[in-house]
Amino acid sequence: LIALVGLLGLAAARPPNILFIMADQTRMDAIGAYGLRNGTTHTPNLDRLAARGARVRLAYSSTPTCTPARAAILTGLTPWKHGMLGYGDVAPHYAYEMPVAMATHGYSTAVFGKDHFGWNTTTNSGIPHGYQTRFIYDGLGNGMPAQNDTNGFDNYDQWFQLQLPGKNPLATGLDWNAWRGAPYIYNESLHPTTWVGSNVVEYLTNYSDPRPFFLKASFHRPHSPYDPPQRWLDLTQDLPLATVTTGLNWDNRYRGGASDPPGCLGPDAWCGQFPEASVNHTRHCYRASLALVDDWIGKILDTVEAKGLLDNTFILFASDHGDMQSDHFLWRKGFPYESSSHVPMIVSWPDSMPDVTIPRGGVIERVVELRDIFPTMLSVAGLIDPTGAPAASVPPAEAAKMANLDGKPLTCLLKDPSGSICGWREYLDLEHDLLFNETIHWSALTDGRQKYVFEAFYPREQLFDLAADPGERIDRSADPTYAADLQTWRSRMVSQFEREQRGPAWVRGGVLQRRVASQLYSPNYPGPTYPGPGQVF
C-alpha cells in the first residue's frame, strides 16, 4: 500500500475520508468522556471515540443557535464576517463554503440529517451548498404533505408518509422548542434518529466510489422535541440526574415572577422555575434522546471499522450549541452561559497519519470554535498545512479565500498543543441578537478561564471566573478584586467592535453602547435580506 502523507502535511496520495458527526443541541457535560457528570451520562460510543482520539475541553459556539452556528461551520468565519448575528436564514450562497471546497478537490460529499440550509420546493431537495448527496431532516414545520414552504416537507417527512400514510410525525404532541418531554408514540424504527443513523450506515456499507468521502451525519436530536423511544427511557432510568445549576441571585430574574422578562412559564417557555418532577422528567428525556443518538453513532463507527476504513478516516464530532436544561432557570439555547455556548468536540485520526504529538485519549486545552472546523477539514485533505498556509497546488484565487478564514486548523493543536506554530487565539468572541424578547441581546468574550458578558438591552455587564466557578454561579462584575479583569475584557470588546467597524450603534468614544433594536445581519451577509444596521426584524 502507498503510504498516505499525514494529517499534518500535504497530501501526495489519496487523502483520508472525512466523517463529520453532529448531534444538535448537545451539552458538553452530557458526554461521559468529559468526566463532568460521572455516573449520570450514557454515551459509551462517543466515549470510545474520545478514547481513540482527543476531546477539546474549551470548544464554543460563538452564536449558539442553530442557523448562525451552522453558518460558522459552513464558512469558517466569525459572526460579523459571515453576517449572521442571531437566528436568521443561512444565506443561499457564500463566497467560500466547506462542502464546495471538498467537492472541488475530489471528495464525494454527502449529508444525512439536519443541514438547516432551507428547502427548495421546486427541486424538492435541500439547498446543496456543495453537498452532492442530500437526505435531509431539518425538524421544521408540521411534517405533513400540505406544508409547502421553505421549511420543507423534507426527505424524512416524505419517507414517513410512505410508511404511515396520513399520520402525523409529530403526534407525540411536543413542539420543536417545547421544554417538556414525552416518549415517542411510534415504533422506534420510525424515529428521526433511526432514519438518519440507518441511512448513514447504509451509505457507508455500500460505498464504492473511488473518491474519498466527505460525509456529514447530522442528528437532529437531542434537540427538542425531547421524544426518546420508551426503551431508551427505561435503559437510562436508573442513572441519577446531575444537579441543576443556579446562581447566587443574579439569575432570579428568570424564575418567572411578575417583574421578570416575558416568556417564562408555559408549555413553550424559554425560562421559568417549574416543578422539580417535571424538570427531572424532561432532563431524563433529553438524556435518553442523546443515548439513542450515541447508539447510532456506535453503529456508524462499527461500520467504518468493518469496512476497513478506520485507518484512513478522520472523524470529528461536534454540536452546534448546548441546551440550558433549566440551569439558571433557562431552557433551550441562545444564551452566553456555559450550558448553551460550551459545546463538545472530539477528533479522531488514523494511525497512518504522522506528526500527531497529542496522545490518544488526550485533551486539547486551547479555546476552539465551530469556525475552526472548515480549516481543519482543509488541512486533513492536504489543502493547507497546520499553520493555515495553502498547498502549492491550490489556485491563487482559492488561496486568497483560505487566507480570509477566521478559523484555524485543529491539526495545528494535534501537532503542537500550545498552538504556537499557528498563532492560536487567546480568547474568543461570542454574541447573539435579540432572542425570545428584547432583553436577551448580548455580546461576550471568553478564554475558557473567564467570561465577560455585555447585556446590550440594559446595558449591564457580567464577569464569571470559569476556572473557580464553572457553573457561573457568581457574577464577579461588582467584585473589586476583579476590577482590572473587567476593564481588560471591556477594552477587548471595544477594540473588537472598532476593528470590525461596527459603528456608533455598537461603540462610541470607546464606550460600549446600549442596543435596543435588533441587527440580525451584519453588512457582510451575502443574502437578500440585509436591511441595514439598527433596524428591527
Side-chain angles (χ1 to χ4, degrees), residues 10-11 15 18 20 22 61-63 66-85 88-111 115-118 126-134 211-216 218 314 316 318 320 368-412 422-423 425 428-429 499-501 521-530:
L10 302 179
I18 296 174
F20 177 27
M22 293 189 69
S61 174
S62 271
T63 312
C66 299
T67 52
R70 290 167 190 272
I73 294 169
L74 184 64
T75 65
L77 301 176
T78 65
W80 189 255
K81 281 178 66 175
H82 66 61
M84 295 188 68
L85 308 184
D89 293 328
V90 174
H93 174 74
Y94 295 89
Y96 196 43
E97 300 175 328
M98 179 171 67
V100 172
M102 305 310 288
T104 299
H105 290 281
Y107 276 82
S108 174
T109 58
V111 57
D115 252 353
H116 224 316
F117 294 163
I127 306 299
H129 285 286
Y131 285 110
Q132 298 155 334
T133 299
R134 302 180 299 284
R211 296 175 295 172
F213 60 73
F214 178 80
L215 169 60
K216 182 167 81 169
S218 184
F314 180 86
L316 189 149
D320 55 348
V368 171
E369 207 271 326
L370 297 179
R371 71 191 72 163
D372 300 321
I373 292 175
F374 184 4
T376 298
M377 302 312 189
L378 292 174
S379 185
V380 169
L383 300 171
I384 61 175
D385 69 16
T387 71
S393 60
V394 174
E398 185 176 7
K401 293 177 181 178
M402 292 175 174
N404 188 53
L405 296 178
D406 296 308
K408 294 180 178 293
L410 288 171
T411 52
C412 168
C422 62
R425 69 180 69 85
L428 183 70
D429 57 300
R499 183 174 63 253
E500 293 173 329
Q501 299 181 342
Y521 301 100
S522 84
N524 297 311
Y525 181 71
T529 57
Y530 175 68

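This chain uses plain numbering: 1 for the first residue, then up along the sequence.
At distances below 3.5 Å, at least one donor-acceptor pair connects side-chain atoms of S522 with backbone N or O atoms of W80. Using modelled atom types, no side-chain atom of T67 and backbone atom of V90 make a donor-acceptor pair closer than 3.5 Å. Side-chain atoms of S61 come within 3.5 Å of backbone atoms of D320 as a donor-acceptor pair (strictly under, hydrogens ignored).
A distance of 4.0 Å separates CE of M98 from CZ of F214, quoted to the nearest 0.5 Å. One finds the CE atom of M377 at 11.5 Å from the CD1 atom of I384 (value rounded to the nearest 0.5 Å).
Inter-residue side-chain proximity for M84 and T75 is flagged as unmet; no heavy-atom pair is nearer than 4.5 Å. Side-chain contact between P409 and L378: absent, with no pair of heavy atoms (C-beta onward) separated by less than 4.5 Å. Using a 4.5 Å heavy-atom cutoff, the side chains of S62 and T78 are not in contact. By the 4.5 Å heavy-atom criterion applied to side chains, P212 and M102 are not counted as neighbours.
Remark: K216 pairs with D115 by the salt bridge (charged side-chain N to carboxylate O under 4.0 Å, His left out) rule, at least two apart or across chains. Residues passing the side-chain hydrogen bond (donor to acceptor under 3.5 Å, both in side chains) test with Q132, sequence neighbours excluded: T109. Every side-chain contact (heavy atoms from CB on, under 4.5 Å) that P99 has, sequence neighbours left out, goes to L74, E97, Y131. For T387, the side-chain hydrogen bond (donor to acceptor under 3.5 Å, both in side chains) partners are D385, not counting sequence neighbours. Under the salt bridge (charged side-chain N to carboxylate O under 4.0 Å, His left out) criterion, R134 pairs with no residue at all, not counting sequence neighbours. By the side-chain hydrogen bond (donor to acceptor under 3.5 Å, both in side chains) test, H82 is found to be paired with no residue, residues two or more places apart in sequence or in another chain being considered. For K81, the side-chain hydrogen bond (donor to acceptor under 3.5 Å, both in side chains) partners at least two apart in sequence or on another chain are N404, D406. The ring pair (Phe, Tyr, Trp, His ring centres under 6.0 Å) search around Y94 returns none, not counting sequence neighbours. Annotation: ring pair (Phe, Tyr, Trp, His ring centres under 6.0 Å) contacts of F213 (sequence neighbours excluded): Y207.
Taking each heavy atom of I373 and A318 in turn, the nearest pair found is CD1-CB, 4.2 Å. Residue K408 comes nearest to G423 through the heavy atom pair CE-O, 3.2 Å, listed as atom of the first residue, atom of the second, then distance. The minimum heavy-atom distance linking P386 with S379 is given by the pair N-OG, 4.2 Å. P375 and R371 get closest at one heavy-atom pair: CD-O, 3.2 Å. A pairwise comparison of heavy atoms in A91 and H129 identifies O-CE1, 3.0 Å as the closest pair.
A ring pair (Phe, Tyr, Trp, His ring centres under 6.0 Å) check over residues 372-410, counting only residues at least two apart or in different chains, returns the pairs Y96-F374. Screening residues 98-107 for side-chain hydrogen bond (donor to acceptor under 3.5 Å, both in side chains), with sequence neighbours left out, gives H105-E398.
I18 pairs with exactly one of T376, L316, V380, L215 by the side chain to side chain contact (heavy atoms under 4.5 Å, CB included) rule, that one being V380.
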